[in-house]
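Okay, so here's the structure we're looking at.
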Amino acid sequence: MTIAISILSIYAFILLGFMAKRMLKDEMNEKGMILLSIYFLQPMLSFWGLSSKPIDFSLLQAPFWYLTISLICVLISSVIAILFFKDDIKEKSIITICVIIGNTGNLGIPLGIALFGDASIIYMSMINITNVFIVYTLGVFFYSRGNFSIKQSLFNIVKLPVIWFASLALLMNVFDIKLHPAMKTPLEMGAYCTMVIQLVIFGMYLYNIKLRSINYKLLVHVSFIKFCITPIIAASILYGVLHLEPMVATLIFIELIVPLAVTNVNLAALYECKPLDVTVLVFFTSLVFIPFFILVSNLLHYLNIVSMP
């Protein structure tokens, strides 16, 4: 119940964006807010997130296996996209990449803490760092491919300031270069502002959704990959092949099954890759995730894979 309340409390900002768009209509400009978020605020979020806590490189197994399984899922998704979405490159791009751009930060980290306490933070944080680089490399590339060539899509990656700020923060962390204390507060303010604006933008796009225009074919395929194929692949590798500590395996598993991140909407809108369809995917997977996670956690407990509180 605590987990459900925490999730719903965060999503209150989505309702705020929905109501703002409903009341103010065209006075609320989604594209302008997305540009503000991606080019100015998200670099602050990535820099703050990667520089605020030291990285323990002795714990690289968690992000390594998270990345490995994510890439396997991308390959499988790409095959499904080619088989069932031959005629629409935008839909092929969406189904290939969106399932691995999950809400590893705002949702994944609190879930880890709720299940395993503070011992989970270091693992979840390192996985979230990995996800940042996935989002702004593979994510940018595939969402760009809906409208751009391969060359231009690769160029779009280096054009975004987020990847450069994230790389700088990672280097500073590796070489133990500290920020001046006076700089930490404005960075933190920008980071939290980014999180709120992302949810508000999502709510604004949600207002534009019409039931009759929902792309059900895309919704069914993405949901099947997210809630069936990905968990089966992740569980088979983490619990069947590898011999990781149960807590570590479960934390990686959780981060792989969290619902789609709102960042998907931002990238889809930035590169005009069917943002309304992506909004539906994020909203639906977020709704389904709560009962799905309760089912998964009880199943893991029943199989004695890990002891859930």
Side-chain angles (χ1 to χ4, degrees), residues 3-49 52 94 97-98 101-111 128 131-132 135-136 139-140 143 160-162 165-166 185-211 213-215 219 222 258-290:
I3 293 173
I5 293 174
S6 299
I7 295 171
L8 292 174
S9 298
I10 293 172
Y11 288 170
F13 291 108
I14 297 175
L15 178 61
L16 176 64
F18 181 92
M19 295 305 298
K21 185 64 178 179
R22 181 180 180 183
M23 295 170 64
L24 300 175
K25 299 293 191 300
D26 294 338
E27 294 181 50
M28 294 293 293
N29 187 301
E30 299 96 322
K31 193 62 176 286
M33 293 185 69
I34 286 172
L35 293 174
L36 171 66
S37 175
I38 289 181
Y39 282 97
F40 296 97
L41 292 176
Q42 288 192 29
M44 296 178 68
L45 173 62
S46 63
F47 189 86
W48 172 75
S52 58
I94 291 169
I97 195 61
C98 73
I101 302 182
N103 195 346
T104 58
N106 293 343
L107 184 55
I109 292 176
L111 285 176
N128 191 50
N131 192 55
V132 168
V135 169
Y136 293 106
V140 170
Y143 278 113
L160 288 184
V162 178
F165 276 81
T185 299
L187 271 177
E188 187 173 357
M189 290 171 62
Y192 282 110
C193 179
T194 308
M195 298 176 194
V196 171
I197 284 183
Q198 282 183 320
L199 295 172
V200 170
I201 293 171
F202 178 59
M204 293 167 64
Y205 271 99
L206 203 57
Y207 173 77
N208 295 318
I209 298 298
K210 302 293 185 291
L211 288 177
S213 64
I214 292 177
N215 188 335
L219 178 61
V222 168
V258 289
L260 307 188
V262 178
T263 309
N264 285 284
V265 179
N266 292 344
L267 293 178
L270 180 64
Y271 299 113
E272 299 180 357
C273 189
K274 298 195 173 185
L276 292 182
D277 286 348
V278 175
T279 300
V280 173
L281 298 177
V282 175
F283 180 69
F284 182 78
T285 58
S286 299
L287 282 181
V288 172
F289 178 72
I290 296 176

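Owing to the predicted nature of the structure, the values given are computational and were not obtained by experimental measurement.
- E188 is not listed as a side-chain neighbour of T185, based on a closest heavy-atom distance of 4.5 Å or more.
- Shown here are the side chain to side chain contact (heavy atoms under 4.5 Å, CB included) partners of L219, two or more places apart in sequence or in another chain: I214, Y216, S223, V280, L281, F284.
- You'll find the side chain of I14 stays beyond 4.5 Å of the side chain of F18, heavy atoms only.
- Rounding to the nearest 0.5 Å gives a distance of 9.5 Å between CZ of F289 and OG1 of T285.
- Atom CE of M195 is separated from atom CG of L45 by 5.0 Å, given to the nearest 0.5 angstrom.
- The OG1 atom of T194 lies 11.5 Å from the CE atom of M189; values are rounded to the nearest 0.5 Å.
- Ring-centre distance between W48 and F165: not below the 6.0 Å cut-off.
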| field | Verdict with reasoning, L276 to S213, per side-chain contact (heavy atoms from CB on, under 4.5 Å) | value | CA-CA 9 Å; L276 292 182; S213 64; over 6 Å; no
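- Among residues two or more places apart in sequence or in another chain, the ring-ring contact (aromatic ring centres under 6.0 Å, His included) test is passed with Y39 by none.
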Please report, to 0.1 Å, the donor-acceptor pairs under 3.5 Å made by any side chain of residues 260-273, with sequence neighbours excluded.
from : atom 1 : to   : atom 2 : distance (Å)
N264 : OD1    : Y143 : OH     : 2.8
N264 : ND2    : I101 : O      : 3.0
N264 : ND2    : A261 : O      : 2.9

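- Contacts of T104 classified as side chain to side chain donor-acceptor pair (under 3.5 Å), with partners at least two apart in sequence or in another chain: N128, N131.
- Considering all non-hydrogen atoms of both residues, P259 and L107 come closest at CD-CD2, 3.4 Å.
- Residues P43 and I38 approach most closely at CD-O, 3.3 Å, considering heavy atoms.
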Result block: side-chain N/O donor-acceptor pairs under 3.5 angstrom for residues 196-209, not counting sequence neighbours:
from : atom 1 : to   : atom 2 : distance (Å)
N208 : ND2    : E30  : OE2    : 2.8
N208 : ND2    : M204 : O      : 3.4

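- Note: M33 CE to M28 CE = 5.0 Å, rounded to the nearest 0.5 Å.
- For residues 195-204, no pair satisfies salt bridge (Lys or Arg N to Asp or Glu O under 4.0 Å), with sequence neighbours left out.
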